[in-house]
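Below is one structure, written out as structure tokens; the observations come after it.
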Amino acid sequence: MVSVQRILVCNYLLISFAVVLGLLTNGSWAEDKLVNLTRLKMFVDELPDMPKIKAFHLVNGVPKPKSLEIGMYEINWKFHRDLPPTPVFAYGTRWRTATVPGPTIEALHGIDTYVTWMNRLPSKHISPWDPTIPTARAATNKGVPTVVHVHGAIDEPASDGNANAWFTARFEARGPLWSNRKYHYRNQQHPGNLWYHDHAMGLTRVNLLAGLIGAYIIRHPQVEGPLGLPRDEFDRSLIVFDRSFRTDGSIYMNPTGNNPSIHPQWQPEYFGDAIIVNGKAWPRLTVRRRKYRFRIINASNARFFRFFFTNGLRFTHVGSDSAYLGEPVESNDILLGPSEITDVVVDFSKSKSDNAILANNAPYPYPGGGPVNDANSKVMKFFVVGHSAVDTSRIPKSLISYPVPDLSSVSRTRYIAMYEYTSDIDEPTHLYLNGKPYEAPVTEIAKAGTSEVWNVINLTEDNHPLHIHLGLFVVLEQRELVDVEKFKDCMNKTNDAVKCNISKYANGKKIDVLAYEKGWKNVFKMSNGTVTKILLRFAYLHTNASYEFDPTAEPGYVYHCHILDHEDNAMMRPLKVIR
């Protein structure tokens with residue numbers, strides 16, 4: 001999947017197949033006119049600050065629960081000054097105020113938020129999709145199925161956004177596990193960064209590509225305030241993703257699959273060359289010479305980013321995914337997989353120049369793909385103005401301490417294997433976890449309030465960011481497999497790591513877990529050809545108390561690869577919790 005030569009061969013085959021059979025929407029792929037990105041000037045659009053929605057009421061100064069209605073709309077969005085408006089799907093409280101990304105939802109720890117997610121999308125999708133993979137479809141084939149998952153939220157199953165709890169406009173069609181219109185977010189977990197996005201079965205990649213993403217922050221002023229980190233205008237969310245565009249402004253997605261006789265549309269990864277931050281391609285932001293906090297979300301379908309500053313500025317990490325770190329960690333760069341969140345402070349008073357480009361040098365597909373080009377190697381530009389500004393914020397020596405992993409409390413050890421399957425032309429057809437499709441009976445059954453050790457075995461050529469709903473985990477170790485092909489042959493035959501004597505093969509070189517990734521996470525990059533050992537906890541992190549809801553209810557939870565093209569076909573499995 002990652003060979004550049006294979007990518008070029010695949011592209012040639014796809015063009016030939018499309019021209020001969022005429023399968024493509026909007027005419028032949030050969031006739032699609034893509035924007036020449038070298039003609040788009042970078043750093044001309046100001047970085048937007050997305051609209052904010054308070055997810056609580058203040059009554060006489062006391063926060064109270066709040067009900068929200070957030071819709072999904074088709075709108076036109078300007079990604080760049082010199083691009084025509086782009087048809088997108090967008091979240092918003094009204095059609096006129098819908099944005100890409102959607103509004104940032106700001107919740108308070110301990111204060112309930114109720115959201116009715118309203119699908120107001122048209123009868124047909126704006127992107128090509130593939131009916132040959134497991135896909136949400138209305139019986140009438142009318143309407144765009146959607147369902148919202150708040151990524152990182154610790155909430156009841158009915159509000160988790162199960163892939164089969166989808167619904168179309170006006171709830172006219174509903175998935176087999178749909179149960180209620182109003183979602184309940186208790187916000188009882190630790191403070192931190194989450195994000196919300198679509199999660200419909202087989203359509204996640206195209207619904208997010210269309211624009212259905214947004215940030216969700218849980219704040220705890222009593223706990224976070226004393227830290228003294230940058231706040232208000234100096235605290236910004238950055239939602240980063242990649243897109244390609246046609247000359248008419250529409251988002252380009254290859255409408256022909258890499259195995260078109262098997263999957264007419266599905267491709268193993270989507271990559272766009274324009275890097276988008278908060279809805280603008282290569283934006284600019286003017287900053288003062290002081291500290292800023294950036295909550296960076298990688299909302300790409302498949303692209304990994306390795307961020308760095310071209311002028312040598314460093315990052316100080318204060319959080320990873322939804323949790324604070326115990327203490328700050330400095331780094332020169334950040335490797336961020338799809339769906340991962342990093343929470344950093346950048347001190348522009350240390351800039352030796354009047355501007356700084358946030359750049360990217362992660363190959364794609366990661367890690368074995370081709371190098372970045374001029375377009376996708378630039379992210380955004382900061383213009384640093386004035387002399388040192390008054391700055392009362394600080395980076396404390398200690399942040400928020402959570403329980404350290406306790407192996408003595410582990411109730412179960414599991415092995416989770418990642419498989420990729422290919423066609424006769426050696427192109428991927430689908431991917432599985434533990435060799436099973438999503439529809440197979442649940443095999444991961446965890447007990448609430450306990451910890452488990454999962455050994456994640458990556459038998460593919462790709463790095464897979466594994467996301468586990470509900471649970472939080474710490475990475476204990478990552479090791480390279482030895483004699484991989486022999487072990488893979490055994491696993492392909494038996495699908496049983498113990499019978500294949502995993503201990504014999506999982507003793508290769510130890511890969512260091514980066515210091516800023518040693519905290520509690522809900523996503524981690526499972527390197528190809530490795531075994532990654534994680535300790536997974538099914539309880540609140542900050543109190544170790546039982547959940548304030550019933551986690552055993554239907555439809556349960558899931559875990560999956562967060563490369564969306566993999567998740568849709570069909571690298572996702574159910575996760576059941578019992579008491």
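Between Ala359 and Thr310, the shortest heavy-atom distance links the atoms CB-CG2, 4.0 Å. Residue Leu108 comes nearest to Ile218 through the heavy atom pair C-CG2, 4.4 Å, listed as atom of the first residue, atom of the second, then distance. The two atoms that bring Trp266 and Asp130 nearest to each other are N-OD2, 2.7 Å, heavy atoms only.
Identified under the salt bridge (Lys or Arg N to Asp or Glu O under 4.0 Å) test for residues 41-56, with sequence neighbours left out: Glu46-Arg284, Asp49-Lys52, Asp49-Arg236, Lys54-Glu106. A side-chain hydrogen bond (donor to acceptor under 3.5 Å, both in side chains) check over residues 79-89, counting only residues at least two apart or in different chains, returns nothing.
No side-chain donor-acceptor contact under 3.5 Å links His184 and Asp155. Residues Tyr364 and Asp242 bring no donor and acceptor atom of their side chains to less than 3.5 Å of each other. With 3.5 Å as the limit, one finds no donor-acceptor pair spanning the side chains of Thr146 and Asn207. For the residue pair Asp462 / Asn528, no side-chain donor-acceptor distance below 3.5 Å is found, with atom types taken as modelled.
With salt bridges taken as basic N to acidic carboxylate O contacts below 4.0 Å, one links Glu517 and Lys525.
A donor-acceptor contact shorter than 3.5 Å links the side chain of Asn360 to the backbone of Asn376. Trp117 places no side-chain N or O within 3.5 Å of a backbone atom of Met72 that could act as its donor or acceptor partner. Between the side chain of His125 and the main chain of Ser127, a donor-acceptor pair closer than 3.5 Å is present. The backbone N or O of Ile154 sits less than 3.5 Å from a side-chain atom of Gln189, completing a donor-acceptor pair.
Ser250 meets the side-chain contact (heavy atoms from CB on, under 4.5 Å) test with Pro87, Arg246, Asp248; sequence neighbours excluded.
Using a 4.5 Å heavy-atom threshold, the side chains of Tyr91 and Leu212 count as touching. Side-chain atoms of Lys142 and Thr168, non-hydrogen and from C-beta on, never get closer than 4.5 Å to each other.
Using cut-offs of 30° and 60° on the angle between ring planes, the pair Phe241 and Phe79 is perpendicular. The aromatic rings of His199 and His149 lie tilted to each other, with the angle between the two planes from 30° to 60°.
When each of His469, His151, His566 is checked for a ring-ring contact (aromatic ring centres under 6.0 Å, His included) with His560, only His469 meets the rule.
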Practice item. Carefully, step by step, assess Arg120 and Trp95 under the rule side-chain contact (heavy atoms from CB on, under 4.5 Å). Key: CA-CA 9 Å; Arg120 303 188 186 280; Trp95 175 80; over 6 Å; no

